[in-house]
Amino acid sequence: MIEILPAADHVAAFKLSGTLIEDDLDIAIAEIEARLKRHDKVGIVADLTGFHDMGLRAGIKDLRYSFGKILEWKRFPREAVITDRQWVKTLAGFAGPFIPFVSLKVFAPEESDAAFAWAGDFDPGIRAEAA
């Protein structure tokens, strides 16, 4: 399941729990795209404290969307991951340096406020069509 969390307009924030399915990814992608229409750059917060797994079709959709945005990765300057699981911390630590233009930082659940603040601490710019 995915829940959209309240955040600054230039930050797309989600709480993931249980096993994600394709419909969950549709919700997240629509939210991100709506924010990208209003801002040049969008920060991401992903609270993974209740996350367990991702279905195959959801995983494929996630990869397709992520790699479809490869030329726009600079539009996602900060991505905060909130987790209490060591394997997620390890994976994020490994993957972070390989994602150009994106700063990825892991936060503990009790650092949630800091994660939101950090993810939105940049000039998002305003899209001409949104002005």
Side-chain angles (χ1 to χ4, degrees):
M1 184 174 117
I2 195 161
E3 175 187 352
I4 298 171
L5 300 174
D9 193 55
H10 67 286
V11 176
F14 308 98
K15 180 166 182 62
L16 290 67
S17 59
T19 299
L20 294 185
I21 60 171
E22 191 174 10
D23 290 347
D24 295 323
L25 269 289
D26 291 338
I27 291 166
I29 290 168
E31 182 71 12
I32 292 167
E33 288 299 317
R35 290 172 191 265
L36 286 172
K37 286 182 182 175
R38 298 189 298 269
H39 301 284
D40 288 326
K41 297 177 182 176
V42 172
I44 305 290
V45 175
D47 183 340
L48 304 179
T49 53
F51 174 71
H52 295 289
D53 199 2
M54 183 180 290
L56 178 63
R57 291 176 64 152
I60 291 169
K61 181 170 280 234
D62 183 40
L63 286 173
R64 186 177 302 138
Y65 179 74
S66 296
F67 283 107
K69 289 287 190 194
I70 200 165
L71 296 177
E72 296 184 62
W73 282 357
K74 65 182 180 284
R75 295 187 69 193
F76 303 95
R78 292 186 170 201
E79 295 190 14
V81 175
I82 301 168
T83 187
D84 55 357
R85 293 191 172 92
Q86 186 57 47
W87 71 268
V88 175
K89 294 176 191 177
T90 301
L91 182 61
F94 175 77
F98 295 103
I99 306 171
F101 310 110
V102 179
S103 292
L104 178 65
K105 189 170 180 180
V106 178
F107 295 84
E110 61 272 11
E111 300 173 312
S112 180
D113 290 343
F116 277 82
W118 180 83
D121 190 19
F122 62 89
D123 178 8
I126 304 272
R127 303 289 295 176
E129 59 267 17

Pairs in or reaching into residues 17-30: which pass salt bridge (charged side-chain N to carboxylate O under 4.0 Å, His left out), with residues at least two apart or in two chains? Glu22-Arg57, Glu22-Lys61, Asp26-Lys61
Minimum heavy-atom distance [X]-[Y], with the two atoms named:
| X | Y | result |
| --- | --- | --- |
| Ala92 | Leu104 | O-CD2, 3.5 Å |
| Ile2 | Ala28 | CD1-CB, 3.6 Å |
| Thr49 | Lys15 | OG1-NZ, 2.9 Å |
| Ser66 | Trp73 | O-NE1, 3.0 Å |
| Gly50 | His52 | O-CD2, 3.3 Å |

Side chain to side chain contact (heavy atoms under 4.5 Å, CB included) for Asp9 and Arg35? Distances and angles first, verdict last. CA-CA 7 Å; Asp9 193 55; Arg35 290 172 191 265; 4.1 Å; yes
Ignoring hydrogens and geometry, is there a side-chain-to-backbone donor-acceptor pair from Arg78 to Ser103 under 3.5 Å? no
Under a 4.5 Å side-chain heavy-atom rule over Ile, Leu, Val, Met, Phe, Trp and Tyr, are [X] and [Y] clustered together?
| X | Y | answer |
| --- | --- | --- |
| Leu20 | Trp87 | yes |
| Val45 | Leu48 | no |
| Val102 | Val11 | no |
| Leu16 | Leu5 | no |

Once you round to the nearest 0.5 Å, how far does [atom1] of [X] lie from [atom2] of [Y]?
| X | Y | atom1 | atom2 | answer |
| --- | --- | --- | --- | --- |
| Thr19 | Phe51 | OG1 | CZ | 7.5 Å |
| Leu36 | Ile29 | CG | CD1 | 11.5 Å |
| Arg85 | Leu91 | CZ | CG | 13.0 Å |
| Ile27 | Ile21 | CD1 | CD1 | 8.0 Å |
| Ile70 | Glu72 | CD1 | CD | 11.5 Å |

Criterion side chain to side chain contact (heavy atoms under 4.5 Å, CB included) on Val88 and Val106, from CA distance to verdict: CA-CA 9 Å; Val88 175; Val106 178; 6.0 Å; no
Run the ring pair (Phe, Tyr, Trp, His ring centres under 6.0 Å) test against Phe67 and tell me which residues pass, sequence neighbours left out. none
Is the shortest side-chain heavy-atom distance between Ile4 and Phe14 below 4.5 Å? yes
Heavy atoms, side chains only, cut-off 4.5 Å: are Phe76 and Ile99 in contact? no
Is Lys37 salt-bridged to Glu33, cutoff N-O under 4.0 Å? no
Crowding at NZ, Lys69 (>12 non-hydrogen neighbours, <6.0 Å): yes
Ring-plane angle category for His39 and His10, please: parallel below 30°, perpendicular beyond 60°, tilted otherwise. perpendicular
Under 3.5 Å, side-chain donor or acceptor atoms of residues 109-123 against the rest of the protein: list the pairs with distances, not counting sequence neighbours.
{"from": "Glu111", "atom 1": "OE1", "to": "Ala108", "atom 2": "N", "distance (Å)": "2.7"}
{"from": "Asp123", "atom 1": "OD1", "to": "Gly125", "atom 2": "N", "distance (Å)": "3.1"}

Intermediate values then yes/no, side chain to side chain contact (heavy atoms under 4.5 Å, CB included), Asp40 and Arg127: CA-CA 6 Å; Asp40 288 326; Arg127 303 289 295 176; 3.1 Å; yes
